[in-house]
Trainee: 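Before I ask anything, let me first share the structure, which is written out below as structure tokens.
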Amino acid sequence: MTQSLLTDGDLSFLDENYKRVTERAAAAALRAGRSPDSVRLMAVTKTVSPLYINHMIRLGASLIGENKVQELQGKLEFLTEPCEKHIIGHLQSNKVRKIITTVDMIQSVDSVSLAKEISRCAQLNGVKAEILLEVNIGDEEAKTGLPTEILKETACEIAEMPAVLIRGLMCVPPICETEAGARGYFEKTRVLFEDMKGYLGDRADVDVLSMGMSSDYEAAILEGSSLVRVGSSLFGKRVY
Ligand SMILES: *Cc1c(COP(=O)(O)O)cnc(C)c1O
């Protein structure tokens, strides 16, 4: 069912979706020999109205992700439930100052220049910005994210910045026909994540591996994801 067909009173589809996603995520964690608590669920809320978002938060999805600064800003006053907010879409440097004190994490850091601006704005506001580096794990030309071959040098440079704290990696792998294909990219990302823990050492706090969306969150959990970003399986098909 699409959102546009629903009246304000009919939110039970959200309860069902939330239950299904959390059950599947927990089952995947157990299959991987992991505790279900070791995987956080993010509700991806792009195009979703605050009415639905608030309900989803009440159900237990206390972490939300938005792609666009403007969309997040427009919704803030209507989000009545307390929640953690992450930016997960491509971020332009000139938008950083608008959200630096609003968001809890920026998951989509894909350049040294963006990280510099984040550090500058964080310092001005007396905060430390928590970030993930986004890696273009399929090395696809049309995609954002750091190319794998410059990930290490970029991470080392960003780790020196005074007001950012690198918390880990985020990826959006190429669209795969098979679960095995997706798992291959997730495994590759996990290897980069483990490497990063080693070479950054105590210059960072690398413990977040953000991978998996509606179509592949179970595969991602099987490969070690600690944070899955789920939109359409929770809220229904997006209506732009
Ligand atoms: C939209 C989006 C998601 C969620 O996508 P679904 O397929 O709807 O679950 C996750 N991560 C990023 C970066 C996104 O842009």
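Counting convention: from 1, in listed order, for ligands and their atoms alike. No hydrogens, no waters, no symmetry mates; every other heavy atom, side chains included, goes into these values.
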Trainee: Of the protein's non-hydrogen atoms, which lies at the shortest distance from atom 5 (O) of ligand 1, and what is that distance?
Mentor: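 Result for atom 5 (O) of ligand 1: M213 CE, 3.7 Å.
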Trainee: Heavy-atom contacts with I88 under 4.0 Å: which atoms of ligand 1 show up? List them by number with element.
Mentor: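 Matching atoms, with element in brackets: 11 (N), 12 (C), 13 (C), 14 (C).
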Trainee: In the structure I gave you, are the side-chain heavy atoms of R40 and V208 within less than 4.5 Å of one another anywhere?
Mentor: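 Contact flag for R40/V208 side chains = no.
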Trainee: Are any of the N/O atoms in S233 less than 3.5 Å from those in ligand 1?
Mentor: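 N/O-N/O distance below 3.5 Å does not exist for this pair.
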Trainee: One pair to check against ring pair (Phe, Tyr, Trp, His ring centres under 6.0 Å): Y18 and F13. What are the steps and the verdict?
Mentor: CA-CA 9 Å; Y18 179 74; F13 79 107; over 10 Å; no
Trainee: If you count the atoms of ligand 1 from 1 in the order shown, which ones are under 4.0 Å from a heavy atom of V230?
Mentor: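 That gives atoms 9 (O) of ligand 1.
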Trainee: Give the atoms of ligand 1, by number and element, whose distance to some non-hydrogen atom of S232 is under 4.0 Å.
Mentor: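 Atoms satisfying the 4.0 Å criterion: 6 (P), 7 (O), 8 (O), 9 (O).
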Trainee: Which distance, rounded to the nearest 0.5 Å, do you find between the CG of L91 and the CD1 of I118?
Mentor: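 One gets 6.0 Å once the value is rounded to the nearest 0.5 Å.
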Trainee: If you have a sec, work out which protein heavy atom is nearest atom 14 (C) of ligand 1 and how many Å separate them, to one decimal?
Mentor: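 The closest one turns out to be K46 NZ, 3.0 Å.
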Trainee: Should you measure from each heavy atom of R229, which atoms of ligand 1 turn up under 4.0 Å away?
Mentor: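 Heavy-atom distances to R229 below 4.0 Å select 4 (C), 9 (O), 10 (C), 11 (N), 12 (C), 13 (C).
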Trainee: Does an N or O anywhere in G231 fall below 3.5 Å from an N or O of ligand 1?
Mentor: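 It does: an N or O of G231 is found under 3.5 Å from an N or O of ligand 1.
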Trainee: Just so I know, are the side chains of I57 and T80 near enough to count as touching, which here means a heavy-atom distance under 4.5 Å?
Mentor: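 Side-chain contact under 4.5 Å: no.
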Trainee: Using a cut-off of 6.0 Å, state whether more than 12 heavy atoms not belonging to E71 lie near its atom CD.
Mentor: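 Above 12, so yes.
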Trainee: Report the residue from K75, K46, R229 that forms a salt bridge (Lys or Arg N to Asp or Glu O under 4.0 Å) with E66.
Mentor: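 The salt bridge (Lys or Arg N to Asp or Glu O under 4.0 Å) with E66 is passed solely by K75 among K75, K46, R229.
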Trainee: Looking at S214, which atoms of ligand 1 are within less than 4.0 Å of one of its heavy atoms?
Mentor: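 Listed by number with element, the hits are 6 (P), 7 (O), 8 (O), 9 (O).
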Trainee: Flag R238 as yes when one of its N or O atoms lies below 3.5 Å from any N or O atom of ligand 1, and as no otherwise.
Mentor: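 For ligand 1, there is an N or O atom that lies under 3.5 Å from one belonging to R238.
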Trainee: Find out whether M170 and V172 are in side-chain contact, i.e. whether some heavy atom of one side chain is under 4.5 Å from a heavy atom of the other.
Mentor: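 They are in contact (side-chain heavy atoms under 4.5 Å apart), so the answer is yes.
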Trainee: Counting each atom of ligand 1 from 1 as listed, which ones have a heavy atom of N67 under 4.0 Å away?
Mentor: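 Near N67, meaning under 4.0 Å from one of its heavy atoms, ligand 1 has 14 (C), 15 (O).
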